[in-house]
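The structure appears below as structure tokens.
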Amino acid sequence: MRSRSGRPVGAGPLDDAVTDALRAVSRRDFLPDAVRGRADDDVALPLVHGQTGSQPTTVAAMLRLLDARPGQHVLDVGSGSGWTTALLAHLVGPDGEVLGLELEPTLVAFGRANVEAHGMPWARVEAADPAHLGRPRPGGWDRILVSASPVELPQPLVRQLAPGGRLVLPVRTTMVRVEVDTDGRARTSEHGAYAFVPLRGPLV
């Protein structure tokens, strides 16, 4: 996953919460042994079954657009190796909650073990339901991050946002942020061109 322009879209200050999370949660711990030596390379790296671990600047840009804050409830769709789930857990802290969902069974086990090894019990990785996109939560999710690309904006995920919530995902090749007002109205904005693996699962 990479920015086609080569620039970290959505980049913030050099020292911010996202930078602190990236320093605290090592990418190396979330990679297969065969590619751990490349953990510091700013490129996407292979995981299993055609899945990839995201480029760090792409992850940073998405996290800054998402703006997850302490105490929030966050859904991580396409959690892969568990790295984004753990980064989100660092951002929301022990008063928050992060649920990572992944369809590929091998990655579910890999990501779960990686997150558990980091000792953040407010974060977990579970198997996604192939018949339903996301997972509704009473009151909705404050933030939803999606690390795969649908062909259109998935309305089920928009409906799973809490009032004032935010969704960040690539739609086709464009990074999109959806913000839901407190009255339930959704606003979208675009934030650069990226390439991601396709999102699997229903969009309606």
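Of the inter-residue distances, the one linking R135 atom CZ with L101 atom CG reads 5.0 Å to the nearest 0.5 angstrom. R27 contributes atom CZ, which lies 4.0 Å from atom CG of L45 (distance to the nearest 0.5 angstrom). Interatomic distance, CZ of F196 versus CG of L169, reported as 9.0 Å (0.5 Å rounding). Annotation: the span from L75 atom CG to E97 atom CD amounts to 9.0 Å, rounded to 0.5 Å. Considering OG of S54 and CZ of F30, their distance stands at 13.0 Å, rounded to 0.5 Å. Atom CG of L167 sits about 10.5 Å away from atom CD of E179, to the nearest 0.5 Å.
Summarising the local packing, CZ of R177 is surrounded by more than 12 heavy atoms from other residues, nucleotides or ligands at distances under 6.0 Å. Atom CG of D183 is surrounded by more than 12 heavy atoms from other residues, nucleotides or ligands within 6.0 Å.
The backbone N or O of D76 lies less than 3.5 Å from no partner atom in the side chain of W141, so there is not a single donor-acceptor pair. A donor-acceptor pair under 3.5 Å is absent between the side-chain atoms of W122 and the main chain of D95, judged by distance alone. Judged by distance alone, with hydrogens and angles left aside, the side-chain atoms of E102 form no donor-acceptor pair with the main-chain N or O of G82 at under 3.5 Å. Here the side chain of D142 pairs a donor or acceptor atom with the backbone of H73 at under 3.5 angstrom. At least one donor-acceptor pair under 3.5 Å links the side chain of Q55 to the backbone N or O of D42.
When side chains are defined from C-beta on, L88 counts as touching L66, because their heavy atoms get closer than 4.5 Å. Between F110 and V48 there is no side-chain heavy-atom pair separated by less than 4.5 Å. The shortest distance between side-chain heavy atoms of R64 and D16 falls below 4.5 Å. Side-chain atoms of M175 and V168, non-hydrogen and from C-beta on, do get closer than 4.5 Å to each other. Contact of the P46 side chain with the V35 side chain is registered, since non-hydrogen atoms from C-beta on lie closer than 4.5 Å. Counting only heavy atoms from C-beta outward, the side chains of S149 and Y194 never approach each other to under 4.5 Å. Taking the side chain as every heavy atom from C-beta outward, V180 and R185 never approach each other to under 4.5 Å. Between H118 and N114 the shortest side-chain heavy-atom distance does not fall below 4.5 Å.
Pairing each heavy atom of T85 with each of G100, the nearest pair is OG1-CA, 3.8 Å. The minimum heavy-atom distance linking D181 with R187 is given by the pair OD1-NE, 3.1 Å. Heavy atoms only, all atoms of each residue included: P154 and P150 are closest at CD-CG, 3.9 Å. Here the closest non-hydrogen pair linking S147 and G78 is CB-O, 3.7 Å. When all heavy atoms of L145 and L63 are compared, the closest pair comes out as CD2-CD2, 4.2 Å. Nearest heavy atoms, P163 versus T182: CB-O, 3.8 Å.
Comment: E126 does not engage R112 in a salt bridge, judged by the lack of any side-chain N to carboxylate O separation of less than 4.0 angstrom.
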Derivation of the salt bridge (charged side-chain N to carboxylate O under 4.0 Å, His left out) call for R124 and E116: CA-CA 7 Å; R124 65 193 190 278; E116 289 178 351; over 6 Å; no
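In terms of the side chain to side chain donor-acceptor pair (under 3.5 Å) criterion, residue partners of D67 (sequence neighbours excluded) are, by chain and number, R69.
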